[in-house]
Structure formats: structure tokens, C-alpha cells
Amino acid sequence: AQLRTVPAMVRAAAVRARAAPTRAAAVRVLKQTVAAVRREIMLVRAEDPDSARIRNAVGAGVSGVLNSAALALARAEGI
């Protein structure tokens with residue numbers, strides 16, 4: 001498994017989050033996507049431990065972006 005599916009996962013999450021009926025639903029979508037991305041990274045790491053450092057950096061970046069978006073949505077819900 002390569003991380004080729006991650007961009008599609010992020011795009012799909014963005015579409016689903018934008019279409020979500022509430023901000024809470026959008027946050028839930030983003031959190032589910034973060035978990036899915038982390039699972040993909042763990043699979044790649046298990047298959048090829050030598051490239052773990054690169055995969056970790058990519059995974060941290062993607063997860064960080066999605067977590068930031070989820071946090072921003074969660075905070076905005078109170079506005």
C-alpha cells in the first residue's frame with residue numbers, strides 16, 4: 001500500500017464536510033478521515049519500515065491539517 005489514496009480521501013472528506021448539515025457533522029467527517037489516514041500510514045509503515053520517517057512526516061502533515069480544520073469548525077460552532 002502506498003499513500004496514493006490519501007489525496008482522494010482528503011478531497012472526499014472536504015466535499016462531505018462542506019455538505020454536512022451541521023458543523024458537528026463536518027467535524028465528525030474530518031475526525032473519521034484523520035483516523036483513516038493514520039490507518040493507511042500504519043499499513044505502509046508495516047510493509048516498508050525503512051521509509052517510515054518520510055511516511056511519518058507526510059502523515060503528520062495531513063493529519064495536522066485535518067485536525068486543525070476540525071478544531072476550527074468545533075470552535076466556530078459556538079459562534
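Note that the structure is predicted; figures quoted are calculated from it, not measured. We're numbering straight along the sequence, starting at 1.
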Minimum heavy-atom distance A13-T33, with the two atoms named: CB-OG1, 3.1 Å

Which atom of A17 lies closest to which atom of A26, heavy atoms considered: O-CB, 3.5 Å

So if you build clusters from Ile, Leu, Val, Met, Phe, Trp, Tyr with side-chain heavy-atom gaps below 4.5 Å, do V34 and V6 land together? yes

In Å and rounded to the nearest 0.5 Å, what is the CZ to OG1 distance from R28 to T22? 6.0 Å

Looking at residues at least two apart in the chain, or sitting in another chain, which of them share a side-chain contact (heavy atoms from CB on, under 4.5 Å) with A12? none

Let's go through R16 and Q32 carefully: what are the C-alpha distance in whole Å and the side-chain angles of both, what is the deciding distance for side-chain contact (heavy atoms from CB on, under 4.5 Å) to 0.1 Å, and is it a yes or a no? CA-CA 11 Å; R16 288 180 23 229; Q32 290 169 352; 3.4 Å; yes

Would you check, one step at a time, whether the test side-chain contact (heavy atoms from CB on, under 4.5 Å) holds for V27 with K31? CA-CA 6 Å; V27 169; K31 286 184 178 183; 3.7 Å; yes

